[in-house]
Each structure stands twice: as structure tokens, then as C-alpha cells.
Protein chains: 2
Amino acid sequence: MHELFAENQAFRAHGRLWIEGPADRFLGIGRLELLERIATTGSISRAAKEMGMSYKKAWDLVSSMNTQARQPLVSTQAGGAHGGGAALTEAGAQAVAEFRAMQARFEAFLADETARLYESK
Amino acid sequence: MHELFAENQAFRAHGRLWIEGPADRFLGIGRLELLERIATTGSISRAAKEMGMSYKKAWDLVSSMNTQARQPLVSTQAGGAHGGGAALTEAGAQAVAEFRAMQARFEAFLADETARLYESK
DNA sequence: AGGCGTTATACTTTGGCAAACATAACGCCT
DNA sequence: AGGCGTTATGTTTGCCAAAGTATAACGCCT
């Protein structure tokens, strides 16, 4: 047992991981979740509502990702059947898959570091 | 070369790492730097000034760390020679060393993930 | 043609939090 | 005793990012 950190595992390694783009933050856990919900709901507004996020904020995030990436991650249509909608592009689906994997490796790293806090020297 | 991320290495994995304590954030890169400067300057106020941080904020951070840890990380004296001062305790020095190492492993992880963005599949 | 739900974008308001300000206490030192 | 630089703590101010409000355009569908 480690001397510094208390016996009841009250200390844990936490963190945030994201990909920084040419202009701005490009993709983090929040944007990832938004992309996933756009994929399942077929619309930015429904994805935003599910996350308790304003449509404006969601749209700004999508815009930030689309303008930074070589190819847009989300394709949109204003008007049409059901008023329009949005979907992931090929590049969008690929970005989701890659960042999910990166995030999983990060969570393994954090679990490892938390364990290390309590291992005897 | 990867299809998603542009040719000029404009995308990089970034992140923040910290140790969450029983009540609150316990130790991150900002608090670490503060502790290190307390060690070298011998005072909270000088450490804060070096970092462009208000004394109050620095004191609040020290207080948060001292109350969460089993033993205080920083010992202080109000009044006395030169008005008083502050120093790292044994536990404080140990916390600095351990978190420095954790942060170094994290930076290696980030460099690895950045490289992975550009490796061919 | 008009309705609907969506995307698209500008403008205004608000809330939370960091910074600034203020004050007291402490204990050596001259 | 009084000054000094520090710790210790409460209160106020200000800022800016987030949220909210408003409006327009789009294109299927009845």
C-alpha cells in the first residue's frame, strides 16, 4: 500500500484527450459523442437535443470539424423529406472509429496509472 | 500516409492529466508547477508571482491539496523571519516526483498517438 | 401554394468563474 | 513599539464563453 494515497482508493487518475487541428480543437470526447448521435438519429438537431445541447452549439461544432478536415465529416441537407437531415460521411465514420480507439487506449492508460498509485514500492 | 489527416502534420493528440481526490481535483500540471516553485522560492506569494497567478488563487490551490492529502504537502509559517514562508513537506516532495513521472508517461503516450495518426494502415 | 422540420447564421442575454480588491493576523527584527 | 513581508480569508468586479432568442432559407409533401 502506498503511503501518499489513502486506503479507500479515493485518488484516481483522470484526464481529457483530444485531437488539435490546424485552427482549433478538432475532435474530443464531446464532439465524438455528437458525431455518433448524428449517425444514429440522422439529424443535428435531434443529436443536440439528446445531449442537452443547443442546436447552435452543435452546429458550431460540426462547422468547426467540417472546415478543418480535408473532407467534411458530416453531410447536411436543408429542406427535403422530413425537413432535411445530416449524416456522417465516409471520412466522418472513419474519424469516429479512430478516435474511439484512441479514447479506449487512453482509458486503459488511466486505469493503469490509477493502479500504480496504490502499488507498493 | 493517412487519408484523414493532412500532409503537414497539422493534427496532434493533446490532453490533460490530473489526479482526482476525494473532494475535488487534487493534483494536475498547474498545481505541480506551483509546488515546484514553492520549493525553489520558499514562499507561496513568490511562486504565485512567478506564474502570473494571484496569491489568493495559489493559496486556495495549496489549501485544496493540503486538506485532501493524508498529510499536508506544503507547510507554511505566517510571520517570522522575512515575514514567513512555505516549503514542501516530505509528502509534498514525493507527490511532485510521482506526478512528474506520471506526466512524462502521459506525454510519451500523446507523442505515440500523434505518430499513429500519420502511420499508413 | 402553404406547412413542416430541418439547416444556417446573426444578435442579445446570462451565468459562472477567474481576477481584483480589501482586511486581518502573525511573528521576527530594528 | 512599529514596520515589514508573509500567510489567511471574505467580498466585489469584470469578463467571456455558453445559452438563449430571432430570422431566413431550403426542399419534400399534401
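Chain letters run A, B, ... following the sequence lines, proteins first, then strands; residues in each count from 1.
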Check whether more than 12 heavy atoms from other residues, nucleotides or ligands sit under 6.0 Å from atom CD of A:E90, and answer yes or no. no
Send over the distance from B:R25 CZ to C:dA18 P, rounded to a whole Å. 10 Å
With a cut-off of less than 4.0 Å, is there a side-chain N or O of A:S45 near OP1 or OP2 of C:dT7? yes
Taking B:R31 for its side chain and B:R25 for its backbone only, find out whether a donor-acceptor pair lies under 3.5 Å. yes
May I have the distance from B:L61 (atom CG) to D:dA8 (atom C1'), rounded to whole angstrom? 15 Å
For B:G85, report the nucleic acid contact type (base, sugar-phosphate, nothing); a contact means any heavy atom under 4.0 Å. sugar-phosphate
Considering every strand and a 4.0 Å limit on heavy-atom distances, what is the contact class for B:S54: base, sugar-phosphate, or nothing? nothing
Write down the distance between CG (A:D60) and P (D:dA18), rounded to a whole number of angstrom. 10 Å
Within the structure, does a side-chain N or O atom of A:W59 lie under 4.0 Å from either OP1 or OP2 of C:dA8? yes
Kindly give the heavy-atom pair with the smallest separation between B:Q77 and B:G79, and that separation in Å. NE2-O, 3.1 Å
Between P of D:dC4 and NE2 of B:H82, the distance in whole Å: 15 Å
Map A:A78 and A:K57 onto DNA chain D by nearest heavy atom, then report which one ends up closer to the 5' terminus. A:K57
Tell me whether the OP1 or OP2 atom of C:dT6 has a side-chain N or O from A:R46 closer than 4.0 Å. yes
Can you tell whether the side chains of B:R46 and B:E50 come within less than 4.0 Å, N to carboxylate O? no
Whole-Å distance, B:Y55 OH to D:dT11 C1', equals 17 Å
A:E50 CD - C:dT6 P separation (whole Å): 12 Å
Contact under 4.0 Å: A:S43 side-chain N or O vs C:dG5 OP1/OP2: no
Is the shortest side-chain N to carboxylate O distance from A:R116 to B:E98 below 4.0 Å? no
Mate of D:dT30 across any strand shown (Watson-Crick or G-U wobble, both atom pairs under 3.5 Å) is C:dA1
Nearest-angstrom distance from the residue atom CD1 of A:I44 to P of C:dT7: 5 Å
When both distances are under 3.5 Å in a Watson-Crick or G-U wobble arrangement, the nucleotide paired with D:dT9 is C:dA22
Upstream residue (5' side of DNA chain C) when A:S63 and A:G84 are each assigned their closest nucleotide: A:G84
Can you check the A:K56 NZ to C:dA10 P distance for me, whole Å? 8 Å
